[in-house]
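The structure appears below as structure tokens.
What you are looking at is a predicted structure, and each value in this text was computed from that prediction instead of being measured. Lettering follows sequence order; numbering is per chain, from 1.
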Protein chains: 2
Amino acid sequence: MPSDSAPKIDGARLWERLMALARIGATGRGGVDRQALTDNDAAAWRQLIQWSVIHKLRAERDDAGNFFLTLPGTDPSLPPVLIGSHLDTQTTGGMFDGAFGVLAALECASAIADAGIRPPRTLTVVAWMNQTGSRFAPGMMGSAVFAGARRLVDIRAVSDAARVTVGAALDKRQGAVPLPDRPIGFPFAAYIEAHIEQATILEAANLPIGIVTGIQGKKTWRVDIRGAEGDAGTAAMATRRDAVATMALLISALYGEVAIADPAVKFTVGRVTVDPNAPAIVAGRASFTIDLRHPDHAVLKRLGAKVEMLCKMLARPCAVRLERLDNAPPMAFDARLLDWIESVAEAAGHGSMRLLSAAGHDARYMARLAPSAMIFIPCRGGISHAETEWAEPAHVTAGAEVLLGSVLPLLTS
Amino acid sequence: MPSDSAPKIDGARLWERLMALARIGATGRGGVDRQALTDNDAAAWRQLIQWSVIHKLRAERDDAGNFFLTLPGTDPSLPPVLIGSHLDTQTTGGMFDGAFGVLAALECASAIADAGIRPPRTLTVVAWMNQTGSRFAPGMMGSAVFAGARRLVDIRAVSDAARVTVGAALDKRQGAVPLPDRPIGFPFAAYIEAHIEQATILEAANLPIGIVTGIQGKKTWRVDIRGAEGDAGTAAMATRRDAVATMALLISALYGEVAIADPAVKFTVGRVTVDPNAPAIVAGRASFTIDLRHPDHAVLKRLGAKVEMLCKMLARPCAVRLERLDNAPPMAFDARLLDWIESVAEAAGHGSMRLLSAAGHDARYMARLAPSAMIFIPCRGGISHAETEWAEPAHVTAGAEVLLGSVLPLLTS
């Protein structure tokens, strides 16, 4: 029942909704498989629409598959405040990645609606399409299109492993959950995203709130090694051009030289392919991916140059070709918004610290359009994108409270 | 037309048959794809049966899918001389590996039949089932079962990539090319296999004939690395257990420490797998194969111990498990047979040298049962198991002539 008083986060309701949402795509081992634009993802939309009916939120979508629940303000001329995150997960994802940010945002809108107040500025809850990139690579598709960083026509052409395109999946979604359209990239006043930290800084500091100052930079490559096939039993070692031998040397050198440059470096070779990949054949081709991240732009550039130099230096007797993929510089969130969120956390009695996000988030793209920020809460052991992902109910409530406290004044200004 | 004279190799006929056989499974790029127990392999059987009809050879098979063409002797109580090789190839194999040995053997039988002589001892041409191991791993299946080194029931259970078992493929073959049965492992007096060298020793020495003294020893392993999955963007480097990082270090150290121990070592990591093999996820698991060969038993043992020691030493922070697969000691062929073949080559005016086989051959198993030997001819650049595999017509003829000269006296003794 709405009551005329200060809006207040209902921690129990938020937790219940988190647990209920986790049942949509539940893996049966504590995790969630709710990939972008699947039937499970559509069921999540329907569940959110059902919850928001009582609060009279307006459900909409845009052509990029982004989902909006809006609490209209009294002055439609004011651009809305946007809060949210994503609903899609990895195949063996957890209950909190993305879901926490969307449901904390919904709880803010619910709390304001329940309080019976109607601020001048509109509040819009958003769930961005395909943040994880698990089904359609790369991720952050919906927010990238919303921000004009990628074109709708390009993401529509991307296929999943079953050769279903984003375009076909988007069209199917509009049939499955028909909603009114919003234009892609409509104006908004500010964006705040609440999220689990996915690292252990807050846990180690025993603090419930992280004020996210920015997102570390990221460079990725695909490295292709071309050698010569040969017979494992007869080809003389001295004249071999063994793609696996060169690959192993390269990866080993990169881990040794780049990965340990300083404690802030993140360096990962996550995917490796070998051809023909037969035990008794000297491999003629091999390839691997490099994922390099760092919060400092200058260091990231320097390490990136080192990666490329090492790949060239250690190529012999094979030929090595580097293909640059991502090249996202470190980014910083809005300084005034961060100060404001910090003061809100302090006033609410929630201990906080400033930290950098190691992972990419949709907020990266929103920051191009309007003042943006992120609020982190701890997750156990820093584990995320895994079925054992866990956040404490008290931290979930605290995160939502700081989000509400940060949003409310923006709605009246 | 049979004529009563000394049997003589018809080099032109042998070469024509080689080229005709190469059309069965031709890749269109000079190579052959005629994997074990496929339709192409069945077509090769039919082609050989067709060629041997005029020579009145008896076509038979055994339950292990080995194929026999027999020129009966006058004294059925004498165990036959067995000569041959294999008809199966890799997916991008060549025209000579295996095929040369089988067709040279068929040419010997054809020449004896054409000459109108009938020696007391039976001569049997054999094509062993699945020598390459390309479709069903590991190879030398037919000869291993024939020699009692593996059980028929075990090889029947082996599956190819499409989950077709050897058993199903064997049963299908008997339907496609129905032939009378021979018992597995019937007695024989001697085995001689002609084959391309698959290395460059003869080419470098400019000699057409290699008297193969033995086969180098071989040890193979599967190495499994267990680390912990993590997020590429957030997991701190210091606490990661990155299976790819450990694998790269291990392979790199093995190539550095084992592969260059002496010029006779052959060391290959040919197959690598990573799990989940995603660019933005620190790999939790990885595995790779090791193929180590050496002609000296003591060195092979010492290097094998070094492989296992390095895998244990460099495992941290992951856990490494080694599974021993093959462990074939170096083997030597029959000394008297080698002397005899050498004298035959000399008498025929074909320059020869003694050498060791770097690759495994079915003759390894036959040597357990009766005096056995191998005759090598050069192949261009040592290239084998590849579409560019090539042997000179003059060398093909020379190899068949030495085979015939070696076999003839055995048939009368």
Side-chain angles (χ1 to χ4, degrees), chain A residues 133 137 197-200 216 218 220 222 229-238 242 244-245 247-256 259-260 263 265-274 276-283 286 288-291 293 325 357-360 382-386, chain B residues 90-91 133-134 137 139 197-200 216 218 220 229 231-238 242 244-245 247-253 255-256 259-260 263 265-274 276-283 286 288-289 291 293 325 357-360 382-386:
Chain A
E197 184 200 343
Q198 307 181 289
T200 55
Q216 69 183 343
K218 173 177 171 181
T220 65
R222 183 186 146 96
E229 259 182 52
D231 183 274
T234 58
M237 297 307 292
D242 183 333
V244 166
M247 177 172 74
L249 179 69
L250 256 172
I251 297 176
S252 208
L254 289 166
Y255 270 101
I260 57 157
V265 179
K266 303 283 186 298
F267 180 88
T268 308
V269 173
R271 176 174 287 166
V272 169
T273 62
V274 172
N277 214 28
I281 299 184
V282 178
F288 63 93
T289 57
I290 299 173
D291 182 306
R293 309 196 198 188
L325 305 173
S357 173
I383 295 163
S384 184
H385 299 167
Chain B
Q90 314 265 353
T91 49
S134 177
E197 184 200 343
Q198 307 181 290
T200 56
Q216 69 182 342
K218 175 176 170 182
T220 64
E229 259 183 53
D231 183 273
T234 59
M237 296 308 291
D242 183 334
V244 166
M247 177 172 72
L249 180 68
L250 256 172
I251 296 177
S252 206
Y255 270 101
I260 57 158
V265 179
K266 302 283 186 298
F267 180 89
T268 309
V269 173
R271 177 173 285 166
V272 169
T273 62
V274 172
N277 214 27
I281 298 183
V282 178
F288 64 93
T289 58
D291 182 306
R293 309 197 198 187
L325 304 173
S357 172
I383 294 164
S384 182
H385 299 168

Spell out, as yes or no, whether a donor-acceptor pair under 3.5 Å connects the side chain of A:R271 to the backbone of B:A278. no

Rounded to the nearest 0.5 Å, how far apart are OG of B:S384 and CD of B:Q90? 8.0 Å

Is a donor on one side and an acceptor on the other found under 3.5 Å between the side chain of A:Y255 and the backbone of A:V269? yes

Ranking B:K266, B:M247, B:Q216, B:H385 by heavy-atom pairs under 4.5 Å to chain A gives rank one to B:K266

Please classify the contact of B:A259 with chain A as side chain, backbone, both or neither, using a heavy-atom distance under 4.5 Å. both

Residue part contacting chain A, namely of B:F267, when any heavy atom lies under 4.5 Å: both

Could you go through the side chain to side chain contact (heavy atoms under 4.5 Å, CB included) check for B:M237 and A:I260 one step at a time? CA-CA 8 Å; B:M237 296 308 291; A:I260 57 157; over 6 Å; no

Sort B:A137 into side chain, backbone, both or neither according to what part of it lies under 4.5 angstrom from a heavy atom of chain A. neither

Please classify the contact between B:E229 and chain A as side chain, backbone, both or neither, with a heavy-atom cut-off of under 4.5 Å. neither

Given a strict heavy-atom distance threshold of 4.5 Å, which part of A:T268 is in contact with chain B: side chain, backbone, both, or neither? both

Tell me which of these, A:L325, A:T273, A:D231, A:I290, has more heavy-atom pairs under 4.5 Å with chain B than the rest. A:D231

Kindly determine whether A:F288 and A:I251 satisfy side chain to side chain contact (heavy atoms under 4.5 Å, CB included), including the steps that lead there. CA-CA 9 Å; A:F288 63 93; A:I251 297 176; 3.9 Å; yes

Name the option with the most non-hydrogen atom pairs under 4.5 Å to chain A; the candidates are B:V274, B:D242, B:I281. B:D242

Less than 4.5 Å to any heavy atom of chain A: does that hold for the side chain of B:A386, its backbone, both, or neither? neither

Where on A:A245 is there a heavy atom nearer than 4.5 Å to chain B: the side chain, the backbone, both, or neither? both

Okay, B:V272 and chain A: the region with an atom under 4.5 Å from a heavy atom over there is both

Using heavy-atom distances under 4.5 Å, tell me whether A:Q198 contacts chain B through its side chain, its backbone, both, or neither. both

Who among A:A248, A:G133, A:A359 has the most heavy-atom pairs with chain B under 4.5 Å? A:A248

Which one of B:A232, B:G360, B:A199 has the most heavy-atom pairs closer than 4.5 Å to chain A? B:A232

Counting only non-hydrogen atoms closer than 4.5 Å, does B:A253 touch chain A with its backbone (N, CA, C, O), its side chain (CB onward), both, or neither? neither

